[in-house]
Number of protein chains: 2
Amino acid sequence: MKISTKGRYAVRVMFDLALHNSGECIKVKEIASRQGISEKYLEQIIAVLNKAGYVRSIRGAQGGYRLTRDPEDYTVGMILRLTEGSLAPVACLDGNADECDRSDTCETLEVWKNLYDAINQVVDNVTIADLVTSRKKRLENLDYSI
Amino acid sequence: MKISTKGRYAVRVMFDLALHNSGECIKVKEIASRQGISEKYLEQIIAVLNKAGYVRSIRGAQGGYRLTRDPEDYTVGMILRLTEGSLAPVACLDGNADECDRSDTCETLEVWKNLYDAINQVVDNVTIADLVTSRKKRLENLDYSI
DNA sequence: TTCGTTTCCTACTATTGTAGTAGGATTGTT
DNA sequence: AACAATCCTACTACAATAGTAGGAAACGAA
């Protein structure tokens, strides 16, 4: 029941792009060093975000990445589903592909459904913009405390 | 983000023991055939439940297993935590063993905390007795529909 | 046009976790 | 003594995780 680094890093990449969005595009190298993640590994993760159209890439020198939408248009759920796959806690709840033959008399299925709903409820109600706001508030408080 | 068979089977074992509790003890073989799970694999899973004192074993011929408490005293959460380990969606939230050094400025940690709470909320509020009740209700409805 | 910077693409690897299988020792009943 | 059950340990096949690695392609600037 763990979220893998792939999903977690993807969220942090999107957060980083939103936080440091100054009009210019941002290089993998910068994100990697700010977030303390391997460049090569980040490349792979950001490639997924790119293919899905969540970010736009510009190749060559002075290239990099940029968000394609406003930070409030990305939920954590979207990003996790993209990078992790389904967030369903059991396979039976994934696209009814291999629906178990006991599903009609399976009491536990109800529990997994509730769990699934609860998970979605959380991750679909936090946006990247929320994370940015939270960070900025924190920085403000630091200013005051000096 | 999947619950493994170990955890899911463990819940079904407990459910099965509660549902077929007639005073006599229940053999792994019976549970395995009713639940469609490999006997040998079930042995290992039930051994964990046994060590934790969730069930009591009786060895030798006519032996088997029995719940040690009332079905309403077992939550699904207890059973999952025992067999799966922590239900925290990220390691940072496990026993602060290897707390990440970014934790004090990590915006995503807040999300994972909320997720963790939501997960616990669900699994700690369903007991084995609930599952049994649900099954019995279903059987009643079947009777009426005949 | 050439150099350096950056993304892009594919392959590889080491480690761990999952989902069992297997075989026999031990314990108790008949 | 035979049998039926739990108990215990080891083994295995497969997939996922978490990266590393190397170079090709694209682009900007000199």
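Both backbone and side-chain heavy atoms feed into the values below; hydrogens, waters and symmetry mates do not. Values in this document were obtained by computation on a predicted structure and should not be read as measured data.
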- Task: On DNA chain D, check which nucleotide each of B:Lys51 and B:Gly63 is closest to and give me the residue with the more 5' one.
- Result: B:Gly63

- Item | Spacing of B:Glu43 atom CD relative to C:dT27 atom C1', expressed in whole Å | 14 Å

- Note on the structure: Between CD1 of A:Ile46 and P of C:dC8 the distance, given in whole Å, is 9 Å

- Between CD of A:Glu30 and P of C:dT6 the distance, given in whole Å, is 8 Å

- Within this structure, what is the CZ-to-P distance between A:Arg56 and C:dT7, rounded to whole angstrom? 14 Å

- Between B:Tyr74 and B:Thr68: side-chain donor-acceptor atoms closer than 3.5 Å: yes

- Query: Roughly how far apart are A:Ile46 CD1 and A:Ile31 CD1, rounded to 0.5 Å?
  - Reply: 4.0 Å

- Indicate yes or no for a side-chain donor-acceptor contact from A:Glu84 to the backbone of A:Ser4 under 3.5 Å, with no hydrogens or angles considered. yes

- Whole Å only: how far is the NZ atom of A:Lys27 from the P atom of C:dC8? 13 Å

- Would you mind reading off the distance between B:Leu42 atom CG and C:dG20 atom P, rounded to a whole angstrom? 10 Å

- Query: If you draw a 6.0 Å radius around NZ in A:Lys27, do more than 12 non-hydrogen atoms from other residues or ligands fall strictly inside?
  - Reply: yes

- Measure from CD1 on A:Ile45 to P on C:dC9 and round the result to the nearest Å. 16 Å

- Query: How would nucleotides 25-30 of chain D be written as a contact map, 5' to 3', with B for base contact, S for sugar-phosphate-only contact and - for no contact, using protein heavy atoms under 4.0 Å?
  - Reply: BBBS--

- Task: Any chance you could measure B:Cys106, atom SG, to A:Arg8, atom CZ, to the nearest 0.5 Å?
- Result: 9.0 Å

- Query: Does the side chain to side chain contact (heavy atoms under 4.5 Å, CB included) test come out yes or no for A:Arg34 and A:Glu30, once each step is laid out?
  - Reply: CA-CA 6 Å; A:Arg34 270 197 295 257; A:Glu30 300 174 42; 4.0 Å; yes

- Message: I'd like to know if the side chain of A:Tyr41 pairs up with that of A:Thr5 as donor and acceptor (distance under 3.5 Å, no hydrogens or angles considered).
- Response: yes

- Are OP1 or OP2 of D:dC7 and a side-chain N or O of B:Asn50 less than 4.0 angstrom apart? yes

- Qualifying salt bridge (charged side-chain N to carboxylate O under 4.0 Å, His left out) pairs with a residue from residues 110-137 of chain A, counting only residues at least two apart or across chains: A:Arg81-A:Asp124, A:Arg135-B:Glu107

- Message: Ignoring hydrogens and geometry beyond distance, is a side-chain donor-acceptor pair present between B:Tyr54 and B:Thr83 at under 3.5 Å?
- Response: no

Under 3.5 Å, N/O pairs linking protein and nucleotides 16-20 of chain D:
{"from": "D:dA18", "atom 1": "OP2", "to": "A:Thr5", "atom 2": "N", "distance (Å)": "2.9"}
{"from": "D:dA18", "atom 1": "OP2", "to": "A:Thr5", "atom 2": "OG1", "distance (Å)": "3.0"}
{"from": "D:dA18", "atom 1": "O5'", "to": "A:Thr5", "atom 2": "OG1", "distance (Å)": "3.4"}
{"from": "D:dG19", "atom 1": "OP2", "to": "A:Tyr9", "atom 2": "OH", "distance (Å)": "3.3"}
{"from": "D:dT20", "atom 1": "OP2", "to": "A:Ser38", "atom 2": "OG", "distance (Å)": "3.0"}
{"from": "D:dT20", "atom 1": "O4", "to": "A:Gln44", "atom 2": "NE2", "distance (Å)": "2.3"}

- Here the distance between atom P of D:dA15 and atom NZ of B:Lys2, to the nearest Å, is 17 Å

